[in-house]
Amino acid sequence: MQLFGGIEAGGTKFVCAVGDGPETLREVRRFPTTTPQETLGRAIAYFREIQAGGDMLRAVGVAAFGPVDPRPGSPTFGHITSTPKPGWANTDVVGELRAALNVPVGFDTDVNGAVLGEHRWGTAQGLDTVVYFTVGTGIGGGALVAGKLLHGMMHPEMGHLRIPHDREADPFPGICPYHGDCLEGLASGPAIEARWQQRGETLPPDHPAWDLEARYLALGVVNVILTLSPQRVILGGGVMQAMLFPRVRREVRALLNGYIAVPALTEGLDRYIVPPGLGDRAGVLGAIALAQHAAT
Ligand code: ZN
């Protein structure tokens with residue numbers, strides 16, 4: 001059988017799987033992100049087991065934490081570039097995998113991978129311009145624009161959008177090492193924990209943390225709606241509990257204030273700002289979508 005391999009390369013864990021879509025996903029393996037050598041070594045060992053088992057590995061896709069270089073033809077294509085994660089700056093992920101497995105390797109940001117997976121199999125099917133935010137240990141945003149993943153000079157970095165911060169209402173300075181109170185600095189999981197001295201999952205639904213969180217996420221989402229004109233906005237990641245969605249939609253409606261008079265925003269926000277259709281498999285399935293793209 002011909003299989004595609006996917007690696008969801010996160011800053012805290014790697015998830016590997018093979019298959020050619022949600023129905024055939026198998027052999028999912030998770031392990032912590034340690035040094036590049038050890039972590040990529042475990043991923044390579046996993047795919048070699050698949051190859052040794054008699055299945056043909058057509059290609060591998062990597063949806064990686066970043067910043068990364070996703071531009072084919074660039075001398076540093078396939079590298080994790082300037083990440084603050086210790087040991088990982090300037091890691092040639094694609095080069096290592098290609099040399100070890102001898103297959104084409106697709107490569108992009110974790111969130112560009114996720115938006116591609118959602119476009120192929122999830123809640124973005126049939127649309128051509130879609131944004132995917134992940135809200136967890138960090139915040140990232142990927143975009144499919146006119147049917148293509150958005151790269152430009154590098155790739156979008158929507159997690160670091162600068163948004164209004166009312167320091168009287170929220171004196172917390174933010175935790176981004178580069179910007180302090182950018183979106184990630186104010187609204188990522190570690191920001192919630194640092195502000196309230198308590199992990200997000202232990203805060204009750206009526207805690208003021210959640211209205212503040214919804215406000216910050218809505219500010220980020222509105223800026224992206226106004227910039228890219230997406231047909232749908234997907235919000236995934238560990239922080240995105242179900243009760244946040246109605247609050248984010250309410251804030252987005254209030255912030256837009258009726259200016260964009262399209263039914264998706266005036267009547268259909270329940271279907272416009274949505275969780276990933278692929279659930280927590282969006283990342284690894286996105287990586288498999290990147291592998292399929294690399295094989296064509
Ligand atoms: Zn930042």
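Note that the coordinates shown come from a computational prediction; the quantities given were computed from them, not determined experimentally. Values below: all heavy atoms of this structure, side chains included; hydrogens, waters and symmetry mates excluded. Note that ligands are numbered from 1 as they come in the structure, with each ligand's atoms numbered from 1 the same way.
- Ring to ring, Phe65 and Trp88 are close: their centroids are under 6.0 angstrom apart.
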Determine, step by step, whether Arg167 and Asp181 satisfy the salt bridge (Lys or Arg N to Asp or Glu O under 4.0 Å) criterion, reporting the C-alpha distance in whole Å, the side-chain angles of both residues, the deciding distance to 0.1 Å, and the verdict. CA-CA 10 Å; Arg167 285 178 182 266; Asp181 60 353; 3.2 Å; yes
Is there a salt bridge (Lys or Arg N to Asp or Glu O under 4.0 Å) between Arg195 and Glu213 once you walk through the steps? CA-CA 11 Å; Arg195 180 187 290 108; Glu213 179 71 9; 5.2 Å; no
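- Excluding waters, the set of protein N/O/S atoms under 2.8 Å from the Zn ion (ligand 1) reads His160 ND1, Cys176 SG, His179 ND1, Cys182 SG.
- Using bins of under 30°, 30° to 60° and over 60° for the plane-to-plane angle, the ring pair His160/His179 lands in the perpendicular bin.
- Of all the heavy atoms in Glu184 and Ile175, the pair that sits closest is O-CG1, 4.4 Å.
- Between Leu265 and Tyr272 the shortest heavy-atom distance is CD2-CE2, 3.4 Å.
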